[in-house]
Trainee: 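Structure incoming, see below.
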Amino acid sequence: MAAAARRISSLLSRPLSLPPASASSLLSLGRNSSLERGSHGFSTAAAATEEPITPPVQINYTKLLINGQFVNSASGKTFPTFDPRTGDVIAHVAEGDAEDINRAVSAARKAFDEGPWPRMSAYERSRILLRFADLVEKHSDELAALETWDNGKPYEQAAKAELPLFVRLFHYYAGWADKIHGLTVPADGPYHVQTLHEPIGVAGQIIPWNFPLIMFAWKVGPALACGNTIVLKTAEQTPLTALYVAKLFHEAGLPPGVLNIVSGFGPTAGAALASHMDVDKIAFTGSTETGQIVLELAAKSNLKPVTLELGGKSPFIVCEDADVDKAVELAHFALFFNQGQCCCAGSRTFVHERVYDEFLEKSKARAMRRTVGDPFKSGVEQGPQIDSEQFEKVLRYIRSGVESSATLECGGGRLGSKGYYIQPTVFSNVQDDMLIAQDEIFGPVQSILKFNDLGDVIKRANATRYGLAAGVFTNNVNTANTLSRALRAGTVWVNCFDVFDAAIPFGGYKMSGVGREKGIYSLHNYLQVKAVVTPLKNPAWL
């Protein structure tokens, strides 16, 4: 387990093995000379030339939540969480490690084995979830501001899309709480057979930094609806909103120990949670490489079941009959949404050769119009990347694309002089064997590839280790049906993208994960099925 924990550390700190590039080599490539222009031509909303807007929220919760109380870490250590707009410290947060995970698991175990949560009626659990959702709605402005401050996503996105979806998710799972039941099963003989759907116990959950609140809801909602208790580790980049909403949960009446929040790092807190012998189930969202390690730790400890929602390199296929203007806008959204920091981003844009040139020119123009700036400013579409590590990673991939002879149509560099802003970037003439067409970049980099027929694009779209999502843009229902069945992906969006209704399951094929989030399928992750068989004496019927 120690070796696996060390590999987590190396994965989290390892730079990409991309070739270095000199400034002169990048600036001597013809149309790639947009690198030299800096922010010229982009709608920047004064991305880094004005003082950042002061967030309208106070930081009140920075300690660990264990057994219903906010407490310091056992070591007394803290770590900083940063403002992606500037790189400045927002707050210092308690740094949990293995000892804190032990304390949190002990609290969760006691709450499950002895506490009221799994023993209260499902209806009462539902009422607590509903009260919590109402409290979140009441505090949605502060939560949206906190999410934007800690993550860098546009405030309007957080406030108008993500907080309403968060509330909707908990309404959805509150509705499921008293509708979970087993079956009566006929048997060959005089027996009464029933199945019970029982809570699995203590669930360990590890969430990522790109959608902190939404990922909290995806994990916590179904686990609590099923009657489990939880130890949740936040991403070290974005610990603040989970601590805030956990406080609201206790205001709603959640018993102590049912939900425990530990902020900390993967090699310490994350590894301790995944390998803990008293944790009954692990759910993880993050990179495929770290997901493999979580799976190994779970297997080598107590063989706890694991659900994984991992990386992607999703194809977005624009067919020859497409309305090009609409396809350009949807493909732009599919890639650039959330600064490109989305596991299901449409990061391989396949365009039919008959509309390729028109699509390319309009996509370039749309990227040049994208408004990048302080995410608290009204009208801003794109904020900064999450941190310096992700910022540098994206720029290395851009250099790789240039050096691989893809054509840099626009963008390609830093925007401004402070914070982690990157120009919206578009590459054309991308080939399948280039890193920018194979690896998950997790940034605002659109790669546009050309195809000539359905058989060609199906083969190429599926030629990836990932299988999280795909997009199809066509006016032909037969083409849509052909592609949606042929693409090896957990979600296929037809003439839409990033539709995340609470009832729609989400998860991947291949190395994009195991299991499904959301919808009825997510409940299966947190339940055990027990068969109970009782003899019948002189039954009137069988």
Side-chain angles (χ1 to χ4, degrees), residues 11-23 26 34-39 42 44-50 52 79-90 147-154 157 208-212 235-239 265-266 286-287 289-290 311 335-343 345 347 367 370-376 380-403 408 410-427 435-436 439-447:
L11 279 168
L12 294 176
S13 61
R14 183 186 305 154
L16 284 163
S17 299
L18 298 177
S22 65
L26 292 176
S34 60
L35 275 169
E36 190 175 23
R37 296 197 300 268
S39 62
F42 287 88
T44 65
T49 59
E50 298 177 352
F79 66 93
T81 184
F82 297 98
D83 184 343
R85 302 175 301 162
T86 61
D88 296 338
V89 174
I90 298 173
E147 191 86 328
T148 293
W149 194 4
D150 209 17
N151 173 274
K153 66 181 62 205
Q157 174 186 321
W209 49 259
N210 55 337
F211 294 95
E236 59 267 27
Q237 297 90 342
T238 53
F265 294 87
S287 74
E289 291 79 9
T290 305
L335 184 282
F336 290 100
F337 174 64
N338 205 52
Q339 294 68 251
Q341 298 170 153
C342 190
C343 55
S347 53
R370 188 168 182 80
T371 305
V372 185
D374 189 325
F376 282 103
V380 163
E381 296 175 277
Q382 180 178 317
Q385 307 309 120
I386 184 67
D387 60 14
S388 60
E389 181 180 350
Q390 189 65 22
F391 173 81
E392 295 295 342
K393 171 188 170 183
V394 173
L395 292 179
R396 287 196 294 272
Y397 272 115
I398 292 172
R399 291 197 294 269
S400 170
V402 170
E403 292 171 354
L408 182 60
C410 65
R414 179 176 193 151
L415 200 56
S417 59
K418 63 181 179 180
Y420 308 122
Y421 297 93
I422 292 178
Q423 296 170 345
T425 298
V426 175
F427 278 104
L435 283 180
I436 59 171
D439 290 0
E440 186 178 38
I441 299 174
F442 232 60
V445 181
Q446 185 177 30
S447 297

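Sequential numbering from 1 along the given sequence is applied to the chain's residues.
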Trainee: Looking at Gln339 and Gly383, what are the two nearest heavy atoms and their distance?
Mentor: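 Minimum heavy-atom contact is OE1-N, 3.1 Å.
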Trainee: Starting at NZ of Lys393, measure out to CG of Asp439 and round the result to the nearest 0.5 Å.
Mentor: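 Lys393 atom NZ to Asp439 atom CG measures 8.0 Å (nearest 0.5 Å).
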Trainee: Please check if the side chain of Gln385 supplies one atom and the backbone of Tyr420 the other of a donor-acceptor pair under 3.5 Å.
Mentor: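 Side chain of Gln385 to backbone of Tyr420, a donor-acceptor pair under 3.5 Å: no, none is there.
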Trainee: Using 0.5 Å steps for rounding, measure from the CG atom of Asp88 to the CG atom of Asp83.
Mentor: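 Between atom CG of Asp88 and atom CG of Asp83 there are 6.5 Å.
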Trainee: For Ala235 and Pro208, which heavy atoms make the closest approach, and how far apart are they?
Mentor: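 Ala235 and Pro208 have their closest heavy atoms at CB-C, 3.6 Å.
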Trainee: Check Pro384 against Pro375 and note the closest heavy-atom contact, atom names and distance.
Mentor: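 Heavy atoms of Pro384 and Pro375 come nearest at CD-CD, 4.0 Å.
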Trainee: Output the distance between atom CD1 (Ile398) and atom CD1 (Ile441), rounded to the nearest 0.5 Å.
Mentor: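 Between atom CD1 of Ile398 and atom CD1 of Ile441 there are 7.5 Å.
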Trainee: Tell me, please, which residues at least two apart from Thr81 pass side-chain hydrogen bond (donor to acceptor under 3.5 Å, both in side chains).
Mentor: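 By the side-chain hydrogen bond (donor to acceptor under 3.5 Å, both in side chains) rule, Thr81 matches Asp150.
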Trainee: Give a yes or no on whether the backbone of Gly419 and the side-chain of Thr86 come within a donor-acceptor separation of less than 3.5 Å.
Mentor: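 No; zero donor-acceptor contacts below 3.5 Å.
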Trainee: If you define the side chain from C-beta out and look only at heavy atoms, does anything of Gln446 sit under 4.5 Å from Pro424?
Mentor: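 Not in contact.
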Trainee: Shortest non-hydrogen contact from Asn151 to Pro212?
Mentor: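 Looking at all heavy atoms of both residues, the shortest contact is ND2-CD, 4.1 Å.
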Trainee: Does the side chain of Asp387 reach to within under 4.5 Å of the side chain of Phe82, using non-hydrogen atoms?
Mentor: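 SC-SC contact between Asp387 and Phe82 ruled out.
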Trainee: Under a 3.5 Å distance rule, please check whether Asn338 uses its side chain to pair with a backbone N or O of Asn210 as donor and acceptor.
Mentor: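 Indeed, once roles are kept as given, a pair shorter than 3.5 Å links the two residues.
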Trainee: Determine, stepwise, if the pair Glu381 / Phe336 fulfils side chain to side chain contact (heavy atoms under 4.5 Å, CB included).
Mentor: CA-CA 9 Å; Glu381 296 175 277; Phe336 290 100; over 6 Å; no
Trainee: When you look at Arg85 and Trp149, which way does the side chain to side chain contact (heavy atoms under 4.5 Å, CB included) test go after all the steps?
Mentor: CA-CA 8 Å; Arg85 302 175 301 162; Trp149 194 4; 4.0 Å; yes
Trainee: Under the ring pair (Phe, Tyr, Trp, His ring centres under 6.0 Å) test against Phe442, which residue among Tyr397, Trp209, Phe391 passes?
Mentor: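 Result: among Tyr397, Trp209, Phe391, Trp209 is the only option passing the ring pair (Phe, Tyr, Trp, His ring centres under 6.0 Å) with Phe442.
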Trainee: Give me the atom names and distance for the closest heavy-atom approach of Ser347 to Ser447.
Mentor: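 In this case the closest contact between Ser347 and Ser447 is O-CB, 3.9 Å.
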Trainee: Indicate the atoms forming the closest heavy-atom contact of Phe427 with Gly401, along with that distance.
Mentor: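 Taking every non-hydrogen atom into account, CE2-C, 3.8 Å.
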Trainee: Checking Thr425 against Leu408 for the side chain to side chain contact (heavy atoms under 4.5 Å, CB included) test, could you report, in this order, the C-alpha distance in whole Å, the side-chain angles of both residues, the deciding distance, and whether it holds?
Mentor: CA-CA 8 Å; Thr425 298; Leu408 182 60; 3.4 Å; yes
Trainee: Checking Gln382 side chain against Gly340 main chain: does a donor-acceptor pair fall under 3.5 Å?
Mentor: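 Answer holds: no.
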Trainee: Distance-only, no hydrogens or angles: does the Gln341 side chain make a donor-acceptor pair with backbone N or O of Ile386 under 3.5 Å?
Mentor: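 Judged by distance alone, yes, a pair lies under 3.5 Å.
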